[in-house]
Colleague: 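Just dropping this structure here.
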Amino acid sequence: MTPDPVSSARDEISHRRVLKIALPIVLSNATVPILGAVDVGVVGQMGEAAPIGAVALGAIILSTIYWIFGFLRMGTVGLVGQAEGAGDKAEVSAWLTRALVVALAGGVLLIILQPLIFWSALRLAPASDEVESLARQYLAIRIWTAPAAIAVFALTGWLVAMEKTAGVFWVQLTMNGVNVVLDLVFVLVLDWGVPGVAAATVIAEITGCALGLWFCRAAFKRPDWRDWPRIFDRTKLIRMALLNTDIFLRSLMLMIIFSSFVFIGARFGDVTLAANEVLIQFMYITAYAMDGFAFTAETLIARAYGLGKRSHVRRSVIVTSFWGMVVCVTTALGFALAGGWIIDVMAKDADVQRVAREFLPYMIAAPIVGCAAWMLDGIFIGATRGRDMRNMMALSFASYWLAILVLLPIWGNHGLWVALLISFAVRGLTLGARYPALERHASKAG
C-alpha cells in the first residue's frame, strides 16, 4: 500500500530535514557582511573620505527604504507554505504572482517619488556638500532597480516556503559575488568612483532577481500564475494586505527599539556609543545564525497549518526550537569565552575596549533571553498570525519604553541594556502565552 503522505508528515519533520532547510540560510547570511566590507574597501582605495561617506550614507538610506518591504518575504512564506501544505498548487503559484505585483508596484512608486524620498532622507542625515552630492549620484543610479531589489524579498519567501533554501543561498552568493567583482572592475580598473559602486549593485540586483525567478520556475509552469481573476481575488488580496500590515507594524516597532538604543546610548558619550555599537555586532552574529532555524520554523509551521494537523505543528516547533536553542547557547558560550578577544579585534581604542567589556555580560545574556522571541516569531509567521505578532510586539515595545523611563535615570547605560533585554523577554513570554491558541487553530486551518 502506498503510504499516506499526510500520516507520514510527522516522520518527515526530522532533524535532518530541519538542517537541510536551515544551513543554506545560515551560509547565505554569512556572505552579507563581506559585501559591505568590499564596498567600503574599494572606495577607500580612492584615497578620499567623501566617497566612503557617500556610499555608506546612500546604502543605509536605500537599505532602510527597502526594509519597509521586508513583510513580503515573511508574509509570502506563510501564505505559500500553507497552500503547499494543503496541496493547493494553484494558490502556490498565485501567491508568488501577488507578491511580485506588490514588489513591482512598490518599486515603481519609489522611482516616481525619488526626489521627495531622497530630499527627506538627506535632511534627516545631513552631511557635507561633497558627501551629499556623491550620495545623490549613488542613489539616483541605484533607485532604478527598486522593483528588482524588492522582488527578491518575494522570491526568497517563496523559495523558503517551498524548502528550496539552496536557491536562496545561490541567489545571495551570486548577487554578492557579481557585486564584488564589478566593484573591483568599475572602481579600481575603470575609475568610475561612487557611480561605479552603484552600477555594480544595480547589475547585481538585476542578476539576483533573474536567478531568483529561475529558481522559482516551478511556479510559472502552471497557468495559475497568470490567472488574473484568481490573482486579484478580493478575499485573497485583503488577507494578504492585513497580514503584511501587521508584520510591517511589528517590524517598525522593532526597528524603533534598535534605533533608539543607538540614539539613547549616544547620550553617554562617544566611548559608550562606540562600545554599544561593537556589542550590537554580536547581536547581528546571533541573528544571522538564528535566521536559518527561524525560517525553517516558518515553512514547517506553514505546511503543518496547511495540513490542519496540530500534532505536526507541535513536532515542527519542538525540532526547530531545539536547534534554535543550540544556536543561542552556543553563541552565548562563544561570547563568554571569546567576547574579550572579539572586542579587541573590532575596536583598537583602549577606552572602548574597557567599556565594551563592562557591558559584555548583557550581550552574553541576550541570546538566551531572546531565543524564545526569535523562534516564536518564525512560528507565528508560518501560522500567518500577524495580529498576535503585532499585539505582542506592542506589549514588548511598551515594556521597553517603560523600562527606559524607570531605569535610565538610575543605571544609565546599564539601564539601557536591561531595557533591551526586558523587551526580548516580554516578547517571548507574551508570544508563548498565545502559542496554545495558535496550536488549537491549526486543526481548523486545513
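All residue numbers refer to positions in the sequence shown, counting from 1.
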Colleague: Can you list the residues that meet the ring-ring contact (aromatic ring centres under 6.0 Å, His included) rule with Tyr284, with sequence neighbours excluded?
Modeller: none

Colleague: Could I get the full list of ring-ring contact (aromatic ring centres under 6.0 Å, His included) partners for Phe215, not counting sequence neighbours?
Modeller: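 If we apply the ring-ring contact (aromatic ring centres under 6.0 Å, His included) test to Phe215, skipping adjacent residues, there are no hits.
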
Colleague: Residues in salt bridge (Lys or Arg N to Asp or Glu O under 4.0 Å) with Asp349, at least two apart?
Modeller: none

Colleague: So do Leu57 and Tyr138 actually touch side chain to side chain, heavy atoms under 4.5 Å?
Modeller: no

Colleague: Please list all pairs meeting salt bridge (charged side-chain N to carboxylate O under 4.0 Å, His left out) that have one or both residues in residues 381-408, counting only residues at least two apart or in different chains.
Modeller: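 As it turns out, the salt bridge (charged side-chain N to carboxylate O under 4.0 Å, His left out) pairs with a partner in residues 381-408, which skip direct neighbours, are Asp246-Arg390, Arg385-Asp388, Asp388-Arg434.
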
Colleague: With distance as the sole test, does Ser63 use its side chain to make a donor-acceptor pair with the main-chain N or O of Ile60 at under 3.5 Å?
Modeller: no

Colleague: Main chain of Asp129, side chain of Ser133: is a donor-acceptor contact present, judged purely on distance under 3.5 Å?
Modeller: no

Colleague: Heavy-atom distance under 4.5 Å between the side chains of Met375 and Val317, does that happen here?
Modeller: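 They are not in side-chain contact.
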
Colleague: Which residues pass the salt bridge (Lys or Arg N to Asp or Glu O under 4.0 Å) test with Arg267, not counting sequence neighbours?
Modeller: none

Colleague: Can you confirm whether Met393 sits close enough to Leu249 that some side-chain heavy atom of one is under 4.5 Å from a side-chain heavy atom of the other?
Modeller: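 They are not in side-chain contact.
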
Colleague: Once you measure the plane-to-plane angle for Phe71 and Phe69, does it fall in the parallel (<30°), tilted (30-60°) or perpendicular (>60°) bin?
Modeller: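 Rings of Phe71 and Phe69: tilted, as their planes differ by 30° to 60°.
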
Colleague: Can you tell if the side chain of Val80 reaches within under 4.5 Å of the side chain of Leu96, non-hydrogen atoms only?
Modeller: no

Colleague: Would you mind listing every side-chain hydrogen bond (donor to acceptor under 3.5 Å, both in side chains) that reaches into residues 204-213, with sequence neighbours excluded?
Modeller: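 Sorted result for residues 204-213: Arg142-Glu205, Thr145-Glu205.
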
Colleague: Please confirm whether the backbone N or O of Pro24 pairs with a side-chain atom of Ser28, one donor and one acceptor, at under 3.5 Å?
Modeller: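 Pair absent, no side-chain N/O of Ser28 close to backbone of Pro24.
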
Colleague: Could I get the full list of ring-ring contact (aromatic ring centres under 6.0 Å, His included) partners for Phe282, not counting sequence neighbours?
Modeller: Phe335

Colleague: List for me each residue that meets side-chain contact (heavy atoms from CB on, under 4.5 Å) alongside Val160, sequence neighbours excluded, and say none if there are none.
Modeller: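 Val160 satisfies side-chain contact (heavy atoms from CB on, under 4.5 Å) with Ile25, Val77, Thr156, Thr165, Val168, Phe295, Thr299 only.
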
Colleague: Quick check: do Arg315 and Ser311 have side-chain heavy atoms less than 4.5 Å from each other?
Modeller: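 No. Closest side-chain heavy atoms not under 4.5 Å.
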
Colleague: Is the shortest distance from a Lys or Arg side-chain nitrogen in Glu163 or Lys20 to a carboxylate oxygen in the other one below 4.0 Å?
Modeller: no

Colleague: Side-chain atoms of residues 406-426: list all donor-acceptor pairs with protein atoms under 3.5 Å, sequence neighbours left out, distances to 0.1 Å.
Modeller:
{"from": "Asn413", "atom 1": "OD1", "to": "Asn276", "atom 2": "ND2", "distance (Å)": "2.9"}
{"from": "Asn413", "atom 1": "ND2", "to": "Asn276", "atom 2": "OD1", "distance (Å)": "3.1"}
{"from": "His414", "atom 1": "ND1", "to": "Tyr362", "atom 2": "OH", "distance (Å)": "2.8"}
{"from": "His414", "atom 1": "NE2", "to": "Glu358", "atom 2": "OE2", "distance (Å)": "3.0"}
{"from": "Trp417", "atom 1": "NE1", "to": "Asn276", "atom 2": "OD1", "distance (Å)": "3.0"}
{"from": "Ser423", "atom 1": "OG", "to": "Leu420", "atom 2": "O", "distance (Å)": "2.6"}

Colleague: Show your reasoning for whether side-chain contact (heavy atoms from CB on, under 4.5 Å) applies to Leu72 and Met240.
Modeller: CA-CA 9 Å; Leu72 270 182; Met240 183 182 189; 4.2 Å; yes

Colleague: Got Leu27 and Gln172 here, is their nearest side-chain heavy-atom distance under 4.5 Å?
Modeller: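 A side-chain contact under 4.5 Å is absent here.
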
Colleague: Restricting to pairs with a member in residues 335-344, which pass salt bridge (charged side-chain N to carboxylate O under 4.0 Å, His left out), not counting sequence neighbours?
Modeller: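 Applying salt bridge (charged side-chain N to carboxylate O under 4.0 Å, His left out) to every pair that reaches into residues 335-344, excluding sequence neighbours, yields Asp344-Arg357.
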
Colleague: Give me each pair satisfying side-chain hydrogen bond (donor to acceptor under 3.5 Å, both in side chains) with a member in residues 318-333, each pair once, sequence neighbours excluded.
Modeller: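 Of all non-adjacent pairs touching residues 318-333, those that pass side-chain hydrogen bond (donor to acceptor under 3.5 Å, both in side chains) are His15-Trp323.
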
Colleague: Quick one: which residue pairs count as a salt bridge (charged side-chain N to carboxylate O under 4.0 Å, His left out) with a foot in residues 275-299, not counting sequence neighbours?
Modeller: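 Output for this query lists Arg73-Glu298.
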
